[in-house]
Student: 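This is the structure I want to talk about, given as structure tokens.
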Amino acid sequence: MKTTIAVIGAAGRMGSGIASKLAEAGYRVLLAGKDQSKLADLSIRIREKFSGADIDTLDCSKEASWEADIIILAVPYSKEIEIAEKIKDVVTGKIVVSISNPLNQALDGLTTNPSTSAAEELANYLPYSKVVKAFNTVFAGSFYKNILAGKKIDSFVASDDKEAVSIVSNLVKDTGLNPLPAGNLSVSRTLENMALLLIRLSINNNYNGMAGWKVLHP
Amino acid sequence: MYTILQEQILKRVKLTKEEFALAKTYFIPKKVRKRQFILQEGEICKSLAFISKGCLRNYSVDDKGEEHIIRFGIEGWWISDLHSFTTGSPSMSSIDAIEDSELLLLEKSSYDKLCAAIPKIEHYFRILLENTNSAAMKRISDLISVPAEERYLNFLKTYPEITQRVPQSQIASFLGITPQSLSRIRKDLAEKK
Ligand SMILES: NC(=O)c1ccc[n+]([C@@H]2O[C@H](COP(=O)([O-])OP(=O)(O)OC[C@H]3O[C@@H](n4cnc5c(N)ncnc54)[C@H](OP(=O)(O)O)[C@@H]3O)[C@@H](O)[C@H]2O)c1
């Protein structure tokens, strides 16, 4: 059975990058979001690059998640729980990927309590799903330029479900990034702070989103 | 989504509301569109699929590329490649959707955990597997010894709903005869009336 992935918020900066790369890698990808015309544009762009893409657009997050095996929430942190409410009945036993960073308005801090994270909050709402943190430490531009200073950008993956970590690590690899399993879901607290730091560095040093994390080792 | 599953289980074992609520958490809800596969020959059959809505077929393909339908499944039935599911070996058959369908998938590990958590469910599956086995034995012996016309009549009697929903060519394949033979049988039967 071909793996079907629903990208909710597919028309956004992160969603469109992830969805395009996964479609190119041969997954069946359901492009979901609020705005059907933006999704239609995206599907045209994907097909122009990759005519064999197995993609469909859906304006209903629940329908997309019901049909999918894996669900990627490429939406703002503030919308995650609202969407979780909608899809909760159809994601039992499925992998749900949180890519969000709970940034404050000034982009200089997180709005979550230090004893938790966006991903753990999501997992509390979806106790029967396998919530995985991934993609949150990479900028949207990384899906188009995945090598910086001669090194492939790392993308950390965290979850309490080991099998889910390995499945999502493969997805990360298929988007052109270097997956790095980072541990249990609570590691998301660190990962969300790492994204914040990267954003601060990018702003302070005018990286213009051309930056990424790389763990060096021999 | 779970109503038919609950009814089917309750027909065979007495499950409390709480037990069913717990049982539900082991199933993966999955929608499939017409013609989509849930299993392709050579893959390992990872789950038992309960059909909440729709119609699917399980079939194999011979060296000539001819499809042979092993069984159909509609609302309230389970469908899987049981041999592959239980042994973990590559399946020799495929399963695809004849209509847009809604499934509840029970993966092998969840199946084991569910049976351990609720022994009544294990009992339910025992009855289910006994029935599946005896139906399969009957199908084999019918195929060997019962004339095609009689098998067709039995099929109409046993599966009136499937007859309405599935093309004649697939019913012929299920009966192990050519579509031409089936239309001849249908013509003969119509003339006898
Ligand atoms: N941008 C980055 O470089 C980056 C990096 C790492 C992580 N992230 C995280 O990735 C997530 C998405 O960020 P982004 O930059 O891609 O944002 P974005 O460009 O604004 O995209 C967000 C998408 O979500 C959709 N959306 C919003 N509410 C929705 C709802 N209720 N139902 C369905 N779709 C909805 C939006 O649709 P409309 O366009 O119709 O409003 C939009 O397509 C955020 O959580 C962010 O923290 C971003």
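Lettering follows sequence order; numbering is per chain, from 1. Keep in mind that this is a model prediction, so the values were computed, not measured.
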Student: What is the minimum heavy-atom distance between A:L171 and A:L22, and which atoms define it?
Tutor: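 Residues A:L171 and A:L22, closest heavy atoms: O-CD2, 3.9 Å.
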Student: Relative to the ring of B:F125, is the ring of B:Y111 parallel (under 30°), tilted (30 to 60°) or perpendicular (over 60°)?
Tutor: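 Geometry flag for B:F125 against B:Y111: perpendicular rings.
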Student: Is it the case that B:R71 and B:Y59 place a side-chain donor and acceptor less than 3.5 Å from each other?
Tutor: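 Looking only at side-chain atoms, B:Y59 and B:R71 do not form any donor-acceptor pair under 3.5 Å.
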Student: Heavy atom to heavy atom, less than 4.5 Å: which residues from residues 63-89 of chain A reach chain B?
Tutor: A:E63, A:W66, A:E67, A:A68, A:D69, A:D89
Student: Hey, do the aromatic rings of B:Y159 and B:F72 have their centres closer than 6.0 Å?
Tutor: no
Student: Count the heavy-atom pairs under 4.5 Å between each of A:T4, A:V90, A:V91 and chain B, then report the option with the highest count.
Tutor: A:V90
Student: Which atoms form the tightest heavy-atom contact between B:E107 and B:I28, and what is the distance?
Tutor: OE2-CD1, 3.6 Å
Student: Hey, is NZ on A:K2 packed in by over 12 heavy atoms from elsewhere, all under 6.0 Å?
Tutor: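 Result for NZ/A:K2: enclosed.
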Student: Would you please classify the geometry between the B:W78 ring and the B:F27 ring as parallel, tilted or perpendicular, with 30° and 60° separating the classes?
Tutor: tilted
Student: Please name the pair of heavy atoms, one in A:A118 and one in A:S100, separated by the smallest distance, quoted to 0.1 Å.
Tutor: CB-OG, 3.5 Å
Student: I'd like to know if the side chain of A:E120 pairs up with that of A:S117 as donor and acceptor (distance under 3.5 Å, no hydrogens or angles considered).
Tutor: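 Indeed, the side chains of A:E120 and A:S117 share at least one donor-acceptor pair under 3.5 Å.
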Student: Using a 4.5 Å heavy-atom cutoff, which residues in residues 4-25 of chain B come close to chain A?
Tutor: B:K24, B:T25
Student: Between A:D56 and chain B, which part of the residue has a heavy atom less than 4.5 Å away: side chain, backbone, both or neither?
Tutor: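 A:D56 touches chain B through side-chain heavy atoms alone.
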Student: How about A:Q36 and A:T57: does a side-chain donor come under 3.5 Å of a side-chain acceptor?
Tutor: yes
